[in-house]
Amino acid sequence: MTYDITLAGDRRASKLAMIGANVRKYFATCCTKEKAQNAFFEYFLPASQVIAIGHPFIHYQPGAYLSQFPTLGYVLIGIIFLVLGLKLKTDEIKDALRSIHVFVIAIISSLFITGCIVAAITKELPFDPLGQEVKVSVFGPYEFRIGLLLYYSVPCTITAGIVLVSQAEGNLPMAGAVATVANIIGCYTTPILLKVFLSNVDAKFDIKGVLIKLTGSILAPVIVGKLLQLIPPVPRTVTRFKRWISIVTSLCLAIMLWMKVAKAVQDDAFDGVKWQSLLILIAFVLLMCLINIVVNSTFSVLLCLRSTYIKVMLLMVSQKTLVMAVTLVQVLPTTLGEMGLILVPCFVAHPTQILVFSFIAPQLKNHPFDFSCPRWMPLKVIQMCEWLNQTGSYAAKDPEKGLSGQVISNVNANVVVITDQPVEREAVSVANGTAIPVENIANGNAMPAENTV
């Protein structure tokens, strides 16, 4: 009996030791320094945004205090766009200009089309009037409409869009060029669009003052960053510490979010906001994802784009950037409403759209497709499509590929024998172990020559 108890105890001990060894092996494999660093860089941006939004609801005083200093916000904006200037590559823009039709349509769709669609839809929705303290409408306060207009009027995203285009094996130079140029132009077009869309709002909107602030806080840092690239060590340093520089950008964005949300919590701006309003915002964002896909797919069909450009239109142009939205909130007049509430639709829309297009990117990679011009179209239309996309008769000719798999026939080669041979290489034919020069064969003499080896 004592022996059985001892044996059972040994078995349990051995099982526990085996489990412990497997656990240690698992953590030794998964929790390496390299994997921990990769996880840190990958999840820092979403984690910092969650903390920036959630912390003020627990302790808002520090963020509310820092929000009293507008200069701090402009400094953070300057750092973000200084980094953009340091990473700006003009070579990508030059490459993109070779397909100018894709480049122009992508920028137009990103800057103007989506904002106009959102303005038309939200105009008919019954939001609470601006400045009303009691929240009655299930669609939320009027600041939600301003936030939606702001978010869908800003240009396309940079980091997330390029990552998704890369995963889908799309045209990265075009994606980078569209994102860069659209974000620079968008800092001027977005305030003008907001001024037009909110023309019925009784609030002061000094468009000149906003554009001047944006020039100093966005365009000037981008130019400075690009000029710094002329110093030889700077590009190498930026490439070496690229991931840490992205952490700095994410941290600046999180601090701006934190201050705006803290100020809104201090002013009790979120009191009375219904949870149904957040669900409606999510549904609206999903609807806009579908509309963006339809709009940009239509442009792709009309232009008969190739697969790599279609991926840019769907994955890059269909998304919006949170950085520009938060930046514009920093310079917009306070008479438009509570800035914390204006940012709520941006907080909801950004992760939702990334989640949606993260599912679409692998499908575009595994199932690529092109849009070609129908054969029944007029010949001039077909030729224009081929010229725009450099396909068909306008495709670049590759001499090596053009000769592969083809047989070149020459009738004269059947009757003409080339007898001139290079002096340094004497060709011989071996028959029955005896070397016979080709010259003798050409003369009809198949006998071996004298002194041949």
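These numbers were taken from a predicted model, which means no experiment stands behind them.
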How far does NZ of K263 sit from CE of M259, to the nearest 0.5 angstrom? 12.0 Å
Report yes if some heavy atom in the side chain of V165 is under 4.5 Å from a heavy atom in the side chain of N171; otherwise report no. no
On a heavy-atom basis, the closest approach of S297 and L314 is OG-CD2, 3.4 Å
Shortest non-hydrogen contact between I310 and L305, atoms and distance: CD1-O, 3.5 Å
With a 6.0 Å cut-off (strictly less than), is the heavy-atom count around CZ of F41, excluding the residue itself, greater than 12? yes
Answer yes or no: are there more than 12 heavy-atom neighbours, outside K365 itself, under 6.0 Å from its atom NZ? no
Inter-residue atom distance L148.CG - F284.CZ, 0.5 Å rounding: 5.0 Å
Has T352 got a side-chain atom pairing as donor or acceptor with V348's backbone, closer than 3.5 angstrom? yes
Here the pair of heavy atoms bringing A262 nearest to A64 is CB-N, 3.4 Å
More than 12 non-hydrogen atoms from neighbouring residues, nucleotides or ligands closer than 6.0 Å to NZ on K274, yes or no? yes
Is any side-chain heavy atom of Q363 closer than 4.5 Å to a side-chain heavy atom of F359? no
Could you tell me whether the side chain of S307 and the main chain of P368 form a donor-acceptor pair under 3.5 Å? no
List the atom of M313, the atom of S318, and the distance in Å for their closest heavy-atom pair. O-OG, 3.3 Å
So do F197 and S153 actually touch side chain to side chain, heavy atoms under 4.5 Å? yes
Spell out, as yes or no, whether a donor-acceptor pair under 3.5 Å connects the side chain of Q319 to the backbone of L315. yes
Closest heavy-atom pair, V317 versus S109, reported as atoms and distance to 0.1 Å, is CG1-OG, 3.7 Å
With K320, the side chain to side chain contact (heavy atoms under 4.5 Å, CB included) member among T114, V285, T157: T114
Quick one: does Q229's side chain have a donor or acceptor within less than 3.5 Å of a partner on L86's backbone? yes
To the nearest 0.5 Å, what is the distance between OG1 (T190) and CZ (F112)? 8.5 Å
Specify whether Y309 and H101 have parallel, tilted or perpendicular ring planes, treating 30° as the upper limit for parallel and 60° as the lower limit for perpendicular. perpendicular
Within 6.0 Å of OH in Y65, more than 12 heavy atoms from elsewhere: no
Kindly indicate whether the side chain of V178, heavy atoms from C-beta on, has any atom under 4.5 Å from the side chain of S110. no
Would you sort out whether M324 and C187 count as a side-chain contact (heavy atoms from CB on, under 4.5 Å), showing the intermediate values? CA-CA 7 Å; M324 185 65 72; C187 67; 4.2 Å; yes
Side chains of K87 and T239 only: does a donor on one sit below 3.5 Å from an acceptor on the other? no
Chi angles and distances behind the side-chain contact (heavy atoms from CB on, under 4.5 Å) call for V261, F347: CA-CA 11 Å; V261 175; F347 302 152; 3.7 Å; yes
Is the ring pair Y142/F127 parallel, tilted or perpendicular, if the boundaries are 30 and 60 degrees? perpendicular
Working to the nearest 0.5 Å, report the span between CD1 of I354 and SG of C289. 10.5 Å
To the closest 0.5 Å, what do you measure between CG (N296) and CD1 (I291)? 11.5 Å
Count the heavy atoms of every other residue, nucleotide or ligand shown that sit under 6.0 Å from CD of Q68, and state whether that count exceeds 12. yes
Dump the intermediate steps for side-chain contact (heavy atoms from CB on, under 4.5 Å) on L172 and I162, then the final yes or no. CA-CA 7 Å; L172 282 179; I162 292 177; 4.0 Å; yes
With a 4.5 Å heavy-atom cut-off, do R145 and K123 have their side chains touching? yes
Is any side-chain heavy atom of F357 less than 4.5 Å from a side-chain heavy atom of I293? yes
Side-chain touch I77/M256, heavy atoms, less than 4.5 angstrom: yes
Looking only at the side chains, is there a donor atom on one of H350 and Y151 sitting less than 3.5 Å from an acceptor on the other? yes
What's the spacing between M288 CE and I117 CD1 if we round to 0.5 Å? 5.5 Å
Is there side-chain contact between W258 and L66, with at least one heavy-atom pair below 4.5 Å? yes
Between C346 and G147, what is the shortest heavy-atom contact and its length? SG-O, 4.0 Å
Going through the checks in order, is the side-chain contact (heavy atoms from CB on, under 4.5 Å) test met by L328 and L150? CA-CA 8 Å; L328 288 170; L150 170 65; 3.7 Å; yes
